[in-house]
**Student:** 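One structure coming up, written as structure tokens, with questions to follow.
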Protein chains: 2
Amino acid sequence: MLTKDKIYVEAARLFQEKGYAAASMRDLAERLQLRPSSLYSHIRSKEDLLEKICFDNAHRYLQVMEDCLQRPVSAAQKVEQLLRRHIRIALEDPTSITVFNDEWRHLPQPLLERFLSLRRQYEKSFKQLLEEAMQEGAFKARPPQLVLNTLLSSLLWLHRLAAKDEKPDEDVLVGLLFEGLEG
Amino acid sequence: MLTKDKIYVEAARLFQEKGYAAASMRDLAERLQLRPSSLYSHIRSKEDLLEKICFDNAHRYLQVMEDCLQRPVSAAQKVEQLLRRHIRIALEDPTSITVFNDEWRHLPQPLLERFLSLRRQYEKSFKQLLEEAMQEGAFKARPPQLVLNTLLSSLLWLHRLAAKDEKPDEDVLVGLLFEGLEG
DNA sequence: GTCTATAACTTGATAGAC
DNA sequence: GTCTATCAAGTTATAGAC
């Protein structure tokens, strides 16, 4: 694996563990068994690391959204697929949801606006899908923004289980979201 | 209001906005129209600010838990009360859930362990309540840890609405958690 | 592409006048 | 209890030898 790629992988882990602001380039260098200055032969700045991590994941989620929208199934089934893909991404690559959700606010200013724009685009598609499913009668009619926020937030804890062997069951989790506590 | 209290209030807001690590004592002083050094006539350190915010909220949630456990109602109804109290706290004092959930990891080491102990205590009570409700047949039987994490996470977005006038409806949110998307 | 050395700056916190 | 002045340590990043 290229040193550059190793740096990005380790940076994502470090940002997840300590948060972007509390993570230092010294930390990062030490984990890679390099001197801090050597990092700069591969990357331009700490902010570049955050930028790549945030935007790679933003595009990944937008790609997932596109895939799900194209499927020839009902809106409710598209939502289910979307949730399942979210769960899988969170379990396979736990840094993704964390950085995507918690650390983007540290992006420097024109990037921050671009990032928020992608995020709004994603949320807009998701909300439309929820509204469709409600019109179909598959979902109970509720304010789509509230439902969207609740759904996305409810998956946020998944990344914490990264280290543990015991992964939560995808079907049970989807069941909980679809049927609620009362099931 | 005492200067000391103003400092704590503003610190909580600042930590919520920028995160503990990215928030500087200079930021804080400026918002209070003080010189940075003046802060230290009222508080001992930046860490003290985080400590108070985290532990005050930990005790507040434990108090809410105690209140709910003592009510002479079914386990499922206790869970509902607990969720409603969580929602109200998040809407009334949006810094609470945020700092309590995101910034505690920056507590210095013996405090961190004490904090996690309180948190485990809270989660243990909550899990027991969920298990009771499942045994009563009010809730579908699912791994309690999964349900707990999903519930607590699903409320995390509430703090973002702090500024907006439009607050989400408590009943709709509780309905979504109890009945799921399909309602 | 790694290293040593260091520049330029920000951080939390203190000393001491008023 | 606020201020000015300042410190010691930590930060990102660069220069230049090898």
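Lettering follows sequence order; numbering is per chain, from 1.
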**Student:** Near A/Glu30 CD, under 6.0 Å, is it more than 12 heavy atoms from other residues, nucleotides or ligands?
**Tutor:** no
**Student:** CG of B/Asp5 versus C1' of D/dG1: gap in Å, rounded?
**Tutor:** 15 Å
**Student:** Charged N to carboxylate O under 4.0 angstrom, A/Lys52 versus A/Glu47?
**Tutor:** no
**Student:** Any side-chain donor paired with an acceptor under 3.5 Å for A/Ser125 and A/Gln128?
**Tutor:** no
**Student:** At under 4.0 Å between heavy atoms, what does A/Ser37 touch on the DNA or RNA strands: base, sugar-phosphate, or nothing?
**Tutor:** base
**Student:** Mark yes when over 12 heavy atoms from residues, nucleotides or ligands other than B/Glu17 sit less than 6.0 Å from its CD; otherwise mark no.
**Tutor:** yes
**Student:** Looking at B/Ser45, does any N or O in its side chain come under 4.0 Å of the phosphate oxygens OP1/OP2 on C/dG12?
**Tutor:** no
**Student:** Rounded off to whole Å, could you give me the CG-to-P distance for the B/Leu34 and D/dT4 pair?
**Tutor:** 11 Å
**Student:** Rounded to whole Å, how long is the line connecting atom CD of B/Glu30 with atom P of C/dG12?
**Tutor:** 13 Å
**Student:** Could you tell me the separation between the CD atom of B/Glu51 and the P atom of C/dG12, rounded to a whole number of Å?
**Tutor:** 17 Å
**Student:** Need one value for A/Leu39: base, sugar-phosphate or nothing, where a base atom within 4.0 Å counts as base even if backbone is also close, heavy atoms only.
**Tutor:** nothing
**Student:** Are any non-hydrogen side-chain atoms of A/Leu83 and A/Phe178 less than 4.5 angstrom apart?
**Tutor:** yes
**Student:** Quickly work out the B/Leu2 CG to D/dT2 P distance and round it to whole Å.
**Tutor:** 11 Å
**Student:** Validate the cation-pi geometry between A/Arg119 and A/Phe100: distance from NZ or CZ to the six-membered ring centre under 6.0 Å, angle to the ring axis within 45°.
**Tutor:** yes
**Student:** For DNA chain C, determine which residues of residues 17-27 of chain B have any heavy atom closer than 4.0 angstrom to one of its atoms, and list them numerically.
**Tutor:** B/Ala23, B/Ser24, B/Met25, B/Arg26
**Student:** Are any of A/Arg35's side-chain N or O atoms less than 4.0 Å away from OP1 or OP2 of C/dT4?
**Tutor:** yes
**Student:** Which residues within residues 102-112 of chain B lie with some heavy atom under 4.0 Å of an atom in DNA chain D?
**Tutor:** none
**Student:** Can you tell me how far P of D/dT6 sits from OH of B/Tyr40, to the nearest Å?
**Tutor:** 19 Å
**Student:** Quick test of your reading of the model: are B/Glu123 and B/Arg120 salt-bridged, counting only N-O distances below 4.0 Å?
**Tutor:** no
**Student:** Tell me whether the count of non-hydrogen atoms from other residues, nucleotides or ligands lying under 6.0 Å of CZ in A/Arg71 goes above 12.
**Tutor:** no
**Student:** What I want to find out is whether A/Lys140 reaches B/Glu179 closely enough, with some N-O distance under 4.0 Å, to be called a salt bridge.
**Tutor:** yes
**Student:** Of the nucleotides D/dT2, D/dA13, C/dG1, which one has an atom closest to the side chain of A/Lys46?
**Tutor:** D/dA13
